[in-house]
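Written out below as structure tokens is the structure these notes cover.
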Amino acid sequence: MVNTQATPEQTRPAETGEGGGRPRLLLVDGHSMAFRAFYALPAEKFVNSAGQATNAIYGFTSMLVKLLREEQPTHIAVAWDRSEPTFRHEEYAEYKAGRSETPPEFPSQVGLLQELLGLIGVTSLSVPGYEADDIIATLTTRGLAEGMDVLIASGDRDTFQLVGEHCTVLYPGRSLSDLIRMTPEAVEAKYAVPPERYCDLAALVGEKSDNLPGVPGVGPKTAAKWLAKYGSLDALVAHAHEIGGKAGQNLRDHLDDVLRNQRLNRLATDVELGVDVTGMTLGHWNRDGVNLLFDNLEFASTLRDRLFAVLSEQAGDDSAEPVQDEGFSVELVDPAPGTLGDWLAAEIAAGARTGVALEWSGERGGDIIRLALAVPSGRAVCLDPTQLDPADEAALTAWLADPAYPKVLHGVKWALRALWARGWTLDGVESDTAIAAYLLEPGRRNFELATLCLRYLGRELTEHNAEGAQLTLDLEGTGDDQDTARRELALRALATVELALALDAELTRREGLDLLHNLELPLAEVLARMEDAGIAADLTYLRDLEAEFAAAVRQAVDEAHRLVGREFNLGSPKQLQQILFDELGLPKTKRIKTGYTTDADALAWLAAQTDNELPVILLRHRDQTKLRTTVEGLIKTIAEDGRIHTTFHQTVTATGRLSSAEPNLQNIPVRTDAGRRIRRAFVVGEGYEQLLTADYSQIELRIMAHLSEDEALIEAFHSGFDFHAQIASRVFRIPVDQVDGEARARIKAMNYGLAYGLSDYGLAQQLGISPKEARVLMEEYFSHFGKVRDYLEAVVVRARREGYTATILGRRRYLPDLNSDNRQRREMAERMALNAPIQGSAADIIKLAMLRVDRALRENGLASRMLLQVHDELVLEVAPGELDTVRELVVEHMSQAQQLRVPLAVSVGVGPNWHDAAH
DNA sequence: AAATCGACGTA
DNA sequence: CGTACGTCGATTTG
């Protein structure tokens, strides 16, 4: 569905059917929509072999197809901006100044899009001196005069002023395919002004992207309030003198801006176009031409088929073969009780993949309430595990546990935990569509099934014949929520199995299948066990700790209030700024958006700058508050079994690391004494003897040594002596035993800095020396470790050429910004390119180690188990009598996880709690 | 109620 | 003006 706010019928003629009623005119803002498409689809994924970017073309065309199909316009035109200045620039030279430059992959796509529109018989318009909006406003006026219903697809809010009874704007929401229907009611609901007043509101508020400042401190709310009171901007201006408060003064001070905005916002409705709106019907289209163009762009057949289908429909051409243009065809069957085994045997040949989808009660875990299986032909079953015939249950559990029947799931870790909770097992998992998509695009934010279907199959997560199916069910009198839920889950199972196929193909091309099968999928099972296990927490101890931290917070608050002479919120950066810089007149710190920073660095600096005790108190307050909230958070997450069960996310980080959430057990304090006390709350559980921690020493630096093949670095790691001191000894040309703490610290900072893409400026900042000194230090460093510099440079060059970085195991991270014209973006991407292979390889290695450790524990019949992973550290719970075996096994498998040019050192500690298990 | 920001904990 | 995260409270926006 296009709309999210209102029904399409609002602008459609009521019950007139096709061919009757008013003509419908669709007007598209070409640049605006193409730009949205450009940013909605990853540029690096849409490039043909000639290097032409196609993401905007693809996205725009999909959107157009959807609009044609769902809105059934009788007339259509696409308006384009031109590069030369418009009358708005003449009025206001700064108009749209300060916009970041157009991405280089964009402009060439506009030409191709216009070519495509020509081929499918859609009018393209652009007029010198005017923007697309003005053309659209003009056509809207004329269309309305001709008795048409007008639809405007545009991402420019200025078009809202055109909205009316017969004119709706389709404004892109979260995604390009999610167009929000801006009817008069929707505009009024969103902005509290009628559409014809929208430009007045925009004039008051201003428009950042057009570089049109509005009245400071006046947002849509205030502006709407004023307009409601005075009726219009003109009336408001006439009464500007009587408006009180700061906002009123600001209005008077910025009246010129507002009046200028008003002139610039108003769209021209009298642009000379030379064509008549009635002639903009959808007419002849050139099938061969479109085929040739799409071949050149290397577009898959799906988009082409959909385009041809909708064009044929428009042209009343019934000869075209029907294509399934969206959705999935689910055939949900209900085997009679006791016959599930027969169905499975008949429907699912051994070796053929099945999509499996589960639904459970509650948010995390809970009981399975439904389970659906679907095969690619579309046939599916949906079962309620609690209502199963005993024979069926036996057949199902045997099938689930049989590795000869390959399965694909979306989010296998949760499924495993849910199935295990029922005492069932799952084997033969060949893909997890979320993880597969993550390996393809680790930077992706959203891995929902529906999103991936759209992205990789070009289809919505809906049933192809949903309306028909619904109708049948309703006629039979069974159309209740249960049936909908069953059909939906079957749909998910089917979508998963179809999606897995597409992801497999792509993953094969990108050499990521091995990573999926031999690393991430088996790891998901290990993580499921770790999450199920959780880590025992000492609740009494945590409560005491909380009370203690809370008391310290209260004391800091009291001291601060006494010092300042009144009460204020120490937790509010805003109030802090007010007090520190305005009232106390302390020196200004680094500028941030909202004024001056009050972060820990700045407070420490202030403490040194002045005699005022406040910064010190604030630092202590920050510290203790942070500790208190950490402890509070932990207490809240202790489960009924007295343990904390974090969730390890496997598809979140761009580099390949895991992340931990609810609660995050990867950021439990360790650096300070007070912080470390929290680690004492993580204790060994009943039935176990010790906690054991094992971590990699300097794994990232070892990886840098390995990847750079720098002999001196490699040698330093082989010698086994203090690494940083050895490097410092070389850089400063002094014997190792004369390296002092200061020199070692500098080199340590540089060692790690290099792995992060550090600049001389950044190093200077970090070490408190001048950039020049930092540069000298770096030069000296590289004179001894030249291959490191060569490696770091080569990484970026290669990533720029290939579009991605790769880890030791071939995990890729795509970095299109390496070719950005924007320096800041480009340099950011370069630092990411430097860091990703190092951080990502470390992630690969510890994941390998986890698989090996987990397998070794199980194969040796040990009861000890892994509980946590903290990037370079594993925490295990050791069963009685197993300590020596486990210690040896963990060290062996962690250090042998991957052969490198340097040894992988692992240090181990043991104790009754996480703190004491440190080493 | 949800989104955003500043701040800060970890590797 | 080194990387990668998640969470909190305050604040803003809807």
Side-chain angles (χ1 to χ4, degrees), chain A residues 189-192 217 219-222 224 442-443 569-577 590 592-603 618-619 621-634 636-637 646-649 652-672 674-676 678-679 695-701 704 749-767 771 774 778 792 805 813 823-824 827-840 842-843 846 868-873:
Chain A
K190 195 164 162 61
Y191 297 102
K221 286 278 145 64
T222 311
N569 184 349
L570 278 72
S572 160
K574 201 174 158 193
Q575 295 183 34
L576 244 40
Q577 284 176 35
K590 199 177 72 179
I592 53 172
K593 263 186 222 161
T594 53
Y596 300 94
T597 181
T598 63
D599 66 17
D601 275 351
L603 290 178
L618 293 177
L619 279 168
H621 174 261
R622 284 265 171 82
D623 220 32
Q624 300 295 319
T625 306
K626 181 81 182 174
L627 293 168
R628 190 198 62 199
T629 55
T630 302
V631 172
E632 275 171 359
L634 289 174
K636 270 185 257 172
T637 61
T646 184
T647 301
F648 287 107
H649 291 292
V652 168
T653 74
T655 52
R657 277 186 175 180
L658 298 176
S659 79
S660 157
E662 297 176 84
N664 180 355
L665 294 185
Q666 291 179 325
N667 73 341
I668 303 301
V670 74
R671 294 196 214 276
T672 65
R676 274 193 293 272
I678 298 179
R679 293 199 166 213
D695 63 48
Y696 284 116
S697 317
Q698 304 138 339
I699 187 170
E700 296 195 338
L701 296 181
M704 195 163 78
M750 176 135 71
N751 279 331
Y752 280 103
L754 288 175
Y756 295 148
L758 190 67
S759 65
D760 50 3
Y761 184 94
L763 184 66
Q765 191 93 351
Q766 171 114 11
L767 296 177
M778 287 175 96
L792 293 171
T805 61
R813 179 176 185 184
R823 202 183 82 173
Q824 197 172 323
E827 289 181 344
M828 183 67 167
E830 285 170 359
R831 291 193 295 273
M832 291 172 173
L834 288 172
N835 178 252
I838 298 173
Q839 188 184 125
I846 195 165
L868 302 179
Q869 186 252 47
V870 190
H871 308 309
D872 65 357
E873 171 188 11

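Order of the sequence lines fixes the chain letters, A, B, ..., with proteins taken first and strands second; residue numbering starts at 1 for each chain. The basis for the numbers below is simple: all heavy atoms, side chains too, and nothing from hydrogens, waters or symmetry mates.
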Distance, P atom - from C/dC1 to B/dC5, rounded to whole angstrom: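 Each nucleotide's P atom is 16 Å from the other's.
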
Sugar-phosphate, base or nothing in reach of A/A600, heavy atoms under 4.0 Å: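 Sugar-phosphate, no base atom in range.
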
Any side-chain donor near an acceptor of the partner, A/T653 and A/S659, under 3.5 Å: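 No, A/S659 and A/T653 have no side-chain donor paired with an acceptor closer than 3.5 Å.
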
Which nucleotide in C/dG2, B/dC8, B/dT10 has an atom nearest any side-chain atom of A/L758: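 For A/L758, the side-chain atoms sit closest to C/dG2.
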
Separation between [atom1] of [X] and [atom2] of [Y], rounded to the nearest 0.5 Å:
X: A/K626; Y: A/Q624; atom1: NZ; atom2: CD; answer: 13.5 Å
X: A/Q766; Y: A/S759; atom1: CD; atom2: OG; answer: 10.5 Å
X: A/I699; Y: A/D872; atom1: CD1; atom2: CG; answer: 7.0 Å
X: A/Q765; Y: A/D760; atom1: CD; atom2: CG; answer: 11.5 Å

Distance in angstrom units between [X] [atom1] and [N] [atom2], rounded:
X: A/Y696; N: B/dA11; atom1: OH; atom2: P; result: 16 Å
X: A/Q624; N: B/dC8; atom1: CD; atom2: P; result: 14 Å
X: A/L665; N: B/dT10; atom1: CG; atom2: C1'; result: 11 Å
X: A/D623; N: B/dA7; atom1: CG; atom2: P; result: 15 Å
X: A/L634; N: B/dG9; atom1: CG; atom2: C1'; result: 12 Å
X: A/I668; N: B/dC8; atom1: CD1; atom2: P; result: 18 Å
X: A/L603; N: B/dG6; atom1: CG; atom2: C1'; result: 12 Å
X: A/I592; N: C/dT11; atom1: CD1; atom2: C1'; result: 13 Å

Evaluation steps, side chain to side chain donor-acceptor pair (under 3.5 Å), between A/T647 and A/E662: CA-CA 6 Å; A/T647 301; A/E662 297 176 84; 5.2 Å; no

Any residue meeting salt bridge (charged side-chain N to carboxylate O under 4.0 Å, His left out) with A/R813, in chain and number order, not counting sequence neighbours: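 By the salt bridge (charged side-chain N to carboxylate O under 4.0 Å, His left out) rule, A/R813 matches no residue at all.
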
B/dA7 phosphate, OP1 or OP2, under 4.0 Å from A/T598 side-chain N/O: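 A/T598 to B/dA7 OP1/OP2: side-chain N or O found under 4.0 Å.
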
Short side-chain N/O contact from A/R671 to OP1 or OP2 of B/dT10, under 4.0 Å: yes

Distance-minimising heavy-atom pair for A/A755 and A/N835: O-ND2, 3.0 Å

Closest non-hydrogen atom pair between A/T598 and A/R622, with its separation: O-NH1, 2.8 Å

Donor-acceptor pair (no angle test) under 3.5 Å: A/Q766 side chain, C/dG2 base: yes

Base-contact (B) and sugar-phosphate-only (S) positions in nucleotides 3-9 of chain C, heavy-atom cut-off under 4.0 Å, - elsewhere: BBSBSSS

Polar atoms only, N or O, under 3.5 Å: list the protein pairs with nucleotides 12-14 of chain C and their distances.
{"from": "C/dT12", "atom 1": "OP1", "to": "A/K574", "atom 2": "NZ", "distance (Å)": "3.3"}

